[in-house]
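Just so we're clear, the structure is a prediction, and the values are computed from it rather than from any experiment. Convention: sequence-line order gives letters A, B, ...; per-chain numbering from 1.
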Amino acid sequence: MSETTKIVALHGGLLVLLVTLQFLLPAYHHGNLARIMVLASFAIGYNVMFGYTGLLSLGHALFFAAGMYGMGLAVQYAGAGPVVALLAGLAVSVVVALVVGLLALRTAGVGFMIVTLMFAQAGYLTILYFTTWTRGDEGLVLQQAQRTIGSLDLSQPGPRYFAALLLFAICFLVTLWMVRAPFGKVLIAIRENEERARMLGYDVFRYKLAAVVISGTLCGLSGAAYGLLFGYVGATFASVQYSIFPLLWVLLGGAGTVIGPLVGTLFMFYLIDLSSSVTSAYMLVAGVVLVLLTLFAPQGLVGELRARVWRWLP
Amino acid sequence: MDFGPYLLLASLEGAVTAAVLALTAVGLSLVFGVMRVVNVAHGEFFMLGAVLAWWIASHIGGDPALGFIAALILAPLAVGALAALADMTILRRVNYDPERTIVATIGILYILQQVTLMTYGPEARPVEPPFNSRLALPWFEWGETGLQMYFPWGLSTTSYKLFVIAAAAAVLMGVWALMARTRIGLLMRATQLDRDMALAFGIPVERVYAMVFGLGGALAALGAVLIVPIQQAHYLMGGDPLLLSFIVVIIGGLGSLPGTVVAAILIGLSDGIISVFFSPTLAKILATLLVALVLVFRPEGLFGMKTR
């Protein structure tokens, strides 16, 4: 089998598996998997920057929340339908990503991490400051009528699962196509050796800016979809915790792999789900996993798999 | 109250914040200066100091002063030891790589925070101050009969708050003396200037790193023990000091101790004053944006040297 056949078989097979699971899973796990697919799309967006371009951001909650609030506020105050609201969320996140990228990319390394962290914190505080409209920590609850496209009711498990799957498939295939295209190869070159990429004549800043905007857009799209599918828009999604989560999922699954974000999100979701039945301090699991990963498996699960068995994984 | 006395009151509250902030931020700045890593778990060392202070004080009982003094000595020692241990077991193993260190310290942050939640619980608990007499403050005003002195209603502070300011100043002098006048300080400064050269001259760099990380944690814990009679101990209290310390350390120039202290006083005072007259959330939004923009437009100048 050629490499391309293997890649198509693996990634296509995964999508087919997700479609069939819709009919097989019991209700509880069915609902979980819909949520996991939306969160995994968020992680895929994060992976474009962290895994492929080598830009470690600590502020991706800002993009997720930008999409979510762009959508939520449009529904709540402009009476927009779900599709228009989704586009509004997308537009807001593109603008936010562009502004953050233009400013933050002037720094590198630790400076970049702190700048993104500070922008996200400022965004979170801004949401709290305008509590009158955003309802702050309490959040906005979207009614069933506001979440219906035609006859498709997104608050019902079936349509919700398919909407989540559609979102996931879009993000998944976009990254798969991107990393195999020349554009993605340049991003990887920048990750591996930025100076050399510059010497070869690539405009590194523009490529990095494009990576930030693509990443921010995918994250914003997931945020908007999350709010729409689960009917809730809250300030929690803008807090530091939601900047740490995608980092954790991607690290766990394997940075710089296309299926890594899904694997990491799935693993972490069930780890926290199981531990929260034992203790309320479930974030302890996240902390321990982060430390163990940096110590023993900086490549993540899929990364280790690629290093040992499937060398062709994109 | 008139504007003048009100401003004085706000400045006094700000000065207490500034004193504690200076201790915490100097700890963070030392770690960055010598080790060139950012410790995201710094706020949790602060929180642990406060929680341990409550634990020690409530177990000793008797006179509140006795428990407080015990906490003032034991809590920073315990937190410092824990920080040094974290350095030796985790940070040394990731080789102080800047990005992996940040991820690892985020992990440490959640571990410390959640273990505290599991053992200490979600309640906020106070520590009784060793002494706490109310001091009314005079205000001078130019009246019809010349300069008048009177005591405006509500303009007062407590002896304990003044003690916090004095104690923080004394500790900062101590840190300065340690860095400038002792052999340990010399080793730390040598490691800060050039790690490889220090290693070549036989300085046990790894032990210096563990010591610096421990000292940084201990300073944060000390600041927390001082503030806990005014502010209660809670498992989530580490967030604000971490954010404010970041701001102070970046504005003051990472790794520069005098710069850090000056910035702490500036930020502490203005935080106190802005929070009294405007919304505290607005003050924080402006401060975080200021830091981001400083890093974007003057990264070398304020980091001391280029990062990476």
| note | d(A:L247 CG, B:I106 CD1) to nearest 0.5 Å is 6.0 Å
| task | In sequence, state the C-alpha distance, the side-chain angles, and the governing distance for A:L284 and B:M118, and then conclude on side chain to side chain contact (heavy atoms under 4.5 Å, CB included). | result | CA-CA 10 Å; A:L284 178 63; B:M118 284 163 73; 3.7 Å; yes
| query | Would a 4.5 Å heavy-atom cut-off, applied to side chains only, mark B:I102 and A:L58 as touching? | reply | yes
| Measuring heavy-atom distances to chain B, does A:L251 have an atom under 4.5 Å in its side chain, in its backbone, in both, or in neither? | side chain
| Is it the side chain or the backbone of A:L103 that comes within 4.5 Å of chain B heavy atoms, both, or neither? | both
| task | Kindly determine whether B:Y110 and A:V291 satisfy side chain to side chain contact (heavy atoms under 4.5 Å, CB included), including the steps that lead there. | result | CA-CA 10 Å; B:Y110 281 121; A:V291 171; over 6 Å; no
| message | More than 12 heavy atoms of other residues, nucleotides or ligands under 6.0 Å from OH of B:Y96: yes or no? | response | yes
| request: State, with a plain yes or no, whether a side-chain heavy atom of B:R93 is found less than 4.5 Å away from one of A:T294. | output: no
| So with a 6.0 Å cut-off around CZ of B:R207, is the heavy-atom count from everything else above 12? | no
| query | So what's closer than 4.5 Å to chain B heavy atoms on A:F296: side chain, backbone, both or neither? | reply | side chain
| task | Identify which part of B:L282 has an atom lying under 4.5 Å from any heavy atom of chain A, answering side chain, backbone, both or neither. | result | both
| Side chains of B:L243 and A:Q121 in contact at under 4.5 Å (non-hydrogen atoms) | yes
| field | Contact origin within A:M283 toward chain B - heavy atom pairs under 4.5 Å | value | both
| query | Out of curiosity, A:F112 CZ to B:L295 CG, how far, rounded to the nearest 0.5 Å? | reply | 12.0 Å
